[in-house]
Student: 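Structure in structure tokens, see below.
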Number of protein chains: 2
Amino acid sequence: MTHTSTGRQWNTRRQAKARRKQNAAAVADGKVVPTSDIVAFLEAVLACGDRVVLEGNNQKQADFLSRALAQVDPARVNALHMIIPSVSRVEHLDLFERGIARKLDFSYAGAQSIRISQFLEDGQLEVGAIHTYIELYSRLYVDLVPNVVLIAGYKADRQGNLYTGPSTEDTPALVEAAAFRDGLVIAQVNEIVDDPAGLPRVDVPGSWIDYVVQADQPFFCEPLFTRDPRLIKPVHVLMAMMAIRGIYERHQVQSLNHGIGFNTAAIELILPTYGESLGLKGRICKYWTLNPHPTLIPAIETGWVESVHSFGSELGMEAYVAARPDVFFTGSDGSMRSNRAFCQLAGQYAVDLFIGSTLQIDGDGHSSTVTRGRLSGFGGAPNMGHQPGGRRHPTPAWLDLIETDDPLARGRKLVVQMVETFQAGGKPTFVESMDAVEVARESGMPLAPVMIYGDDVTHVLTEEGIAYLYKAQSLEERRRMIAAVAGVTPIGLKHDPATTRRMRSDGLIALPEDLGVQRSQATRSLLAAKSMADLVDWSGGLYEPPARFRSW
Amino acid sequence: MTHTSTGRQWNTRRQAKARRKQNAAAVADGKVVPTSDIVAFLEAVLACGDRVVLEGNNQKQADFLSRALAQVDPARVNALHMIIPSVSRVEHLDLFERGIARKLDFSYAGAQSIRISQFLEDGQLEVGAIHTYIELYSRLYVDLVPNVVLIAGYKADRQGNLYTGPSTEDTPALVEAAAFRDGLVIAQVNEIVDDPAGLPRVDVPGSWIDYVVQADQPFFCEPLFTRDPRLIKPVHVLMAMMAIRGIYERHQVQSLNHGIGFNTAAIELILPTYGESLGLKGRICKYWTLNPHPTLIPAIETGWVESVHSFGSELGMEAYVAARPDVFFTGSDGSMRSNRAFCQLAGQYAVDLFIGSTLQIDGDGHSSTVTRGRLSGFGGAPNMGHQPGGRRHPTPAWLDLIETDDPLARGRKLVVQMVETFQAGGKPTFVESMDAVEVARESGMPLAPVMIYGDDVTHVLTEEGIAYLYKAQSLEERRRMIAAVAGVTPIGLKHDPATTRRMRSDGLIALPEDLGVQRSQATRSLLAAKSMADLVDWSGGLYEPPARFRSW
């Protein structure tokens, strides 16, 4: 044998971590960093070129740490490679403007999407890649192992034991990648308790956390999943009725994920009325993977919902969730435990259906929420909205989509696009070419940022009707089916009335009347709650809407 | 509004858990259950019909708890619904024979696969579904929420803080589903320490664990991923050379997962020799998701491997892994942390390539390891071996498989089937119809247990050559390409020499000589280690092979 050992040193990461801790010793008191010393502390532990994970989630933001990081001296700390699941804060991009950071890997950028595009154009920022949440976590264990991870929680003790409260979200997935690869983990918390017994529970063990710092104010959290029932229109109710009859009842959908639009909120709110009248309680919509949507309260109270597992929390729902432990995942302290990694996993592999909205759909059924000048990223939708080819267990809904008698046929996840044919402002939803294609060209992206690909979509539901795309025998047929429900958009105008009639009688598309849905019944009176006040009432006063929603 | 509150009670699970704990109080001392009282304890806390997760992983087994469970009085505890990731122990099926359990949801059954088939036929057992590992975990958060979870770790303190050591494996995913839904978690450990400081580290916080019990003997663990280099044949070396030149080098494969066969072990062992001679070090095979395969040691020692994230541990590799923290994921105590859920996630979403072996491939490229009379399940392969449609970030290898200039084209994960055309015993690998189809029919399964579907496979590699299936423009062409490398099997005999010549010149298939692979070079002398003793030598004596491999 030709044994050619390289004499390589095998603990360079561990040594680097020890050095960081040595530098930190002048600032920190054990694991506790004084609030006012956080900038000096970050300058002491960070090295130029570090790969740094910053917890910016869909909702929860480690904003004290991100503000502090934006204040470090770029002469001392620069060229950082930032990994931020959701780029949502002004200071996230200040890091690049000030030269502290250079490269960005991310999943989603809401409010900052325009600025990312500009910075990219100006050469102030280099994008590694745009991911879904779950593939970004995955890379932390493969080729994007972090040097430093900055996260947020509610409380910690002086040993670093962390209570994340209902907002566990991405934290465990981010922390583990550093805690077990000699990375440094720094947690901002709203409160540090002296006595470990003062923690309601432990969400992350103290030995995984290197430093804790009390933030100058509680971490920022946004109520992204709250929809005011006042804004639900009759057309949403009509579409919700069609979803229940033409999809949920027809395919026996028992486990599901809902997007955050008014369409799906309408479904949630007519389960206790319309769904009840159809005798569907206990037969559909029992198991949910979604955040604690306030509009789900009436369905929960009337006994529709067996369980809800959540990606994250929702502001105002804390007391309600804690009072419904048979439905929600809660800890021994009573408060919710969310977990985005596991919920994305469950939403991919364990539910019958994903239903969501989008901004643009092309004639082939591809869809995207990307519009010109915005690099908004993917978030979680592509993970929920595709056919998980690694799935092997059957459910009635999954099997119901098999259209052949081939013994090797697989079932399908139901992936439903539920859209009005026109967006607010009169822009057509169905378009010849998505803006995403142009954005990709302009930004030099290797791929167009498609949220959900046409071949993954099984149903398109509009106010016109439902297209059962999984029945399409060819791409041509899929196109005809989409055109048939696309109204008077450029795509819809292509439809041929004779073909549409034939497809209707063949069951490839269905209009409301084919589903036994009476248009005259589609009014707001079907909504179990018509306002935020109604939701509070349903909850027995447990739901406390954030101030901006308290307009009744 | 029509508020119709049901007056439902919302904490029935929490009350049930409190009752279980009340019943347990007569047996347990705080959280500690005396070893000798475990059967009485299980009878006290379990209720008939409970959904019980039993940690039987690929390697690690909560065997003390499974043996105890098989001894409870079926008159007191019966009709359990068992959820067992890997059914590997005799007592797992004794539970059904004795009437203690009734229904089984599982992922994989190795040694017990024949008995499951028999029990199913005899009506002694009802199968819920057969899953991949990751979808079974997913369902614990949706429609298979457990009442009780039985797991295994190395050490615990009296507060339940758990040290799993290198074998963290499935434990966190199983525990979380119960700990945060008012389920009961019971951990067997090899040792209970009085002082929490006596734990090397905390892998699962004490507040998630309700009871700990010291097992009568250390938990059972099997070295499933150890391959003795002595058994690697020249044909494996030839195929390994083809894989490196025709796949890894060609597509720039940087991150990957290897199966456990001798084929892939051969690849690992010729990286430091053949791979080195091609100048490929640092260009391919840098990031790995796999268990600590002993045959990877020479590649690690010669600097090929940047990182390894693991599903589970491998017996004998503990000291070696602990001495290579720059490569492996280890905790602050120095020992490895594995995590099957995260590694499956990484293997699905973050790597360029999966390469594995199988027992049967049909003419369309579908494959299965299921053979008659055995209900062996899926394990993890279908998760690694499919196109993850939810992936959005590009890598060079992923992009390299795009065959069109459609701006909406997606890249592809490389899914490689690496098989000899005949199995040991002269059975053809390439068959007209897989046994899986017949097994499904006989067992009344709704789907044939296909491990990897033909449309997910991008390359088939045999001793004859490589078929680049991702280039196939039609199912017919895919079939012709498979036949061309299927040797003298029933499928291979169908190939038409003229077509094969044309496909070869079109680059659809490649023979060794097309890849610059010299058959004469394909000898065992290319193996960096030729025996277990060589591996120990490469490891500087750190690798300690289990007894059954110590035959040199």
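Order of the sequence lines sets the chain letters (A, B, ...), proteins ahead of strands, with each chain counted from 1.
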Student: Which one wins on heavy-atom pair count under 4.5 Å against chain A: Met445(B), Gln9(B), Arg324(B), His131(B)?
Tutor: Arg324(B)

Student: For the candidates Ile402(B), Asp182(B), Asp203(B), which exhibits the highest count of non-hydrogen atom pairs separated by less than 4.5 Å from chain A?
Tutor: Asp203(B)

Student: Name the region of Ser255(A), side chain, backbone, both or neither, that has any atom closer than 4.5 Å to a heavy atom of chain B.
Tutor: side chain

Student: Using modelled atom types and a 3.5 Å cut-off, is there a donor and acceptor pairing between side-chain atoms of Trp208(B) and backbone atoms of Val202(A)?
Tutor: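 Between the backbone of Val202(A) and the side chain of Trp208(B) there is a qualifying donor-acceptor contact (under 3.5 Å).
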
Student: Side chain, backbone, both or neither: which part of His386(A) has a non-hydrogen atom closer than 4.5 Å to chain B?
Tutor: side chain

Student: Who among Pro382(B), Gly380(B), Pro172(B) has the most heavy-atom pairs with chain A under 4.5 Å?
Tutor: Pro382(B)

Student: Can you say whether Gln254(A) sits under 4.5 Å from chain B via the side chain, the backbone, both, or neither, judging by heavy atoms?
Tutor: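 No part of Gln254(A) comes within 4.5 Å of chain B.
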
Student: Answer with side chain, backbone, both or neither: which region of Ala323(A) has an atom nearer than 4.5 Å to a non-hydrogen atom of chain B?
Tutor: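 The backbone, not the side chain.
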
Student: Give the member of Gln348(A), His366(A), Met384(A) that has the highest number of heavy-atom pairs under 4.5 Å with chain B.
Tutor: Gln348(A)

Student: With a 4.5 angstrom heavy-atom cut-off, is it the side chain or the backbone of Tyr141(B) that approaches chain A, or both, or neither?
Tutor: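 Backbone plus side chain of Tyr141(B), per the 4.5 Å heavy-atom cut-off to chain A.
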
Student: With a 4.0 Å cut-off on N to O distance, would you call Arg337(B) and Glu176(A) a salt bridge?
Tutor: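 Looking at Glu176(A) together with Arg337(B), the answer is yes, because their closest N to O distance falls below 4.0 Å.
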
Student: Tell me, for Met434(A) versus chain B, whether the close heavy atoms (under 4.5 Å) come from the side chain, the backbone, both or neither.
Tutor: side chain

Student: Trp288(A) versus chain B, heavy atoms under 4.5 Å apart: side chain, backbone, both or neither?
Tutor: neither

Student: Counting heavy-atom pairs under 4.5 Å with chain A, which one of Thr289(B), Val351(B), Val142(B), Val308(B) comes out on top?
Tutor: Val142(B)

Student: Do Tyr287(A) and Leu144(B) come close enough that some side-chain heavy atom pair is under 4.5 Å?
Tutor: no

Student: If I measure from the heavy atoms of chain B, does Asn161(A) come under 4.5 Å with its side chain, its backbone, both, or neither?
Tutor: neither

Student: By a 4.5 Å heavy-atom criterion (distance strictly below it), what part of Ala179(A) contacts chain B: side chain, backbone, both, or neither?
Tutor: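 For Ala179(A), backbone heavy atoms alone lie under 4.5 Å from chain B.
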
Student: Would a distance-only check, ignoring hydrogens and angles, find a side-chain to backbone donor-acceptor pair under 3.5 Å from Glu135(A) to His393(B)?
Tutor: yes

Student: Are a donor atom and an acceptor atom from the side chains of Thr12(B) and Asp326(A) found within less than 3.5 Å of each other?
Tutor: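 Their side chains do contain a donor-acceptor pair, which is all the 3.5 Å distance test asks for.
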
Student: In plain terms, say whether Asp456(B) and Arg410(A) are close enough for a salt bridge, that is, a side-chain N and a carboxylate O under 4.0 Å apart.
Tutor: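 Judged by the 4.0 Å cut-off on N to carboxylate O distance, Asp456(B) and Arg410(A) do form a salt bridge.
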
Student: Between Leu408(A) and chain B, which part of the residue has a heavy atom less than 4.5 Å away: side chain, backbone, both or neither?
Tutor: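 Contact with chain B involves both backbone and side-chain atoms of Leu408(A).
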
Student: Which pair of heavy atoms, one from Tyr349(B) and one from Ile134(A), lies closest together, and at what distance?
Tutor: CE1-CG2, 3.3 Å

Student: Less than 4.5 Å to any heavy atom of chain A: does that hold for the side chain of Ile452(B), its backbone, both, or neither?
Tutor: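 Contact with chain A: backbone only.
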
Student: Determine whether a donor-acceptor pair (N or O, by modelled atom type, separation under 3.5 Å) exists between the side chain of Ser138(B) and the backbone of Ala350(A).
Tutor: no

Student: So which of Pro325(B), Ser332(B), Ala177(B) has the biggest tally of heavy-atom pairs under 4.5 Å with chain A?
Tutor: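 Among the listed options, the one with the most contacts to chain A is Pro325(B).
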
Student: For the candidates Thr330(A), Ile130(A), Leu399(A), Asn383(A), which exhibits the highest count of non-hydrogen atom pairs separated by less than 4.5 Å from chain B?
Tutor: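 When all of Thr330(A), Ile130(A), Leu399(A), Asn383(A) are compared, Thr330(A) has the most.
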
Student: Using every non-hydrogen atom in the two residues, find where Gly411(B) and Leu447(A) come nearest and quote the distance to one decimal.
Tutor: N-CD2, 4.5 Å

Student: Decide yes or no for Arg392(B) and Pro449(A): does some side-chain heavy atom of the first lie under 4.5 Å from some side-chain heavy atom of the second?
Tutor: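 Contact flag for Arg392(B)/Pro449(A) side chains = no.
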
Student: Quick one: does Arg8(A)'s side chain have a donor or acceptor within less than 3.5 Å of a partner on Thr302(B)'s backbone?
Tutor: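 Not a single qualifying donor-acceptor pair exists.
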
Student: Go through the atoms of Val450(A) and report whether side chain, backbone, both or neither lie under 4.5 Å from a heavy atom of chain B.
Tutor: both

Student: What part of Leu136(A) gets within 4.5 angstrom of chain B, counting heavy atoms only: side chain, backbone, both, or neither?
Tutor: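 Contact with chain B: none, neither part.
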
Student: Tell me, for Val145(B) versus chain A, whether the close heavy atoms (under 4.5 Å) come from the side chain, the backbone, both or neither.
Tutor: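 The side chain, not the backbone.
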
Student: Is Tyr137(A) in contact with chain B via its backbone, its side chain, both, or neither, using a 4.5 Å heavy-atom distance?
Tutor: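 Nothing of Tyr137(A), per the 4.5 Å heavy-atom cut-off to chain B.
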
Student: Would you confirm whether Ser207(B), through its side chain, and Arg201(A), through its main-chain N or O, come within 3.5 Å as a donor-acceptor pair?
Tutor: no

Student: Below 4.5 Å, heavy atoms only, C-beta onward: do Asn339(A) and Phe180(B) meet side chain to side chain?
Tutor: no

Student: What part of Ala381(B) gets within 4.5 angstrom of chain A, counting heavy atoms only: side chain, backbone, both, or neither?
Tutor: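 For Ala381(B), there is no contact with chain A at all, as no heavy atom is under 4.5 Å.
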
Student: Of all heavy-atom pairs between Leu140(B) and Phe329(A), which one has the smallest distance, and what is that distance?
Tutor: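 Taking every non-hydrogen atom into account, O-CZ, 4.2 Å.
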
Student: Kindly say whether Ala322(A) contributes a backbone atom to a donor-acceptor pair with the side chain of Trp10(B) at under 3.5 angstrom?
Tutor: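 Here the side-chain-to-backbone pair does not exist.
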
Student: I need the minimum non-hydrogen distance between Pro394(B) and Pro446(A), along with the two atoms involved.
Tutor: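 Where Pro394(B) meets Pro446(A) most closely, the heavy atoms are CG-CG, 3.6 Å.
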
Student: Between Asp455(A) and chain B, with a heavy-atom cut-off of 4.5 Å, which part of the residue counts as in contact: side chain, backbone, both or neither?
Tutor: side chain

Student: Select, from Ala129(A), Pro205(A), Pro298(A), the one with the greatest count of heavy-atom pairs under 4.5 Å involving chain B.
Tutor: Pro205(A)

Student: Yes or no on salt bridge (charged side-chain N to carboxylate O under 4.0 Å, His left out) for Arg14(B) and Asp333(A), after CA distance, side-chain angles and deciding distance?
Tutor: CA-CA 11 Å; Arg14(B) 189 161 295 166; Asp333(A) 64 312; over 6 Å; no

Student: Select one option (side chain, backbone, both, neither) describing which atoms of Ala173(A) are under 4.5 Å from chain B's heavy atoms.
Tutor: both

Student: Taking the side chain as every heavy atom from C-beta outward, state whether Ser307(A) and Arg181(B) have any pair of such atoms under 4.5 Å apart.
Tutor: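 In short, these two side chains touch, coming nearer than 4.5 Å.
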
Student: Need one label for Asp362(B): side chain, backbone, both or neither, based on atoms under 4.5 Å from any heavy atom in chain A.
Tutor: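 Contact with chain A is through the side chain of Asp362(B) alone.
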
Student: So which of Thr395(B), Asp364(B), Thr132(B), Asn11(B) has the biggest tally of heavy-atom pairs under 4.5 Å with chain A?
Tutor: Asn11(B)

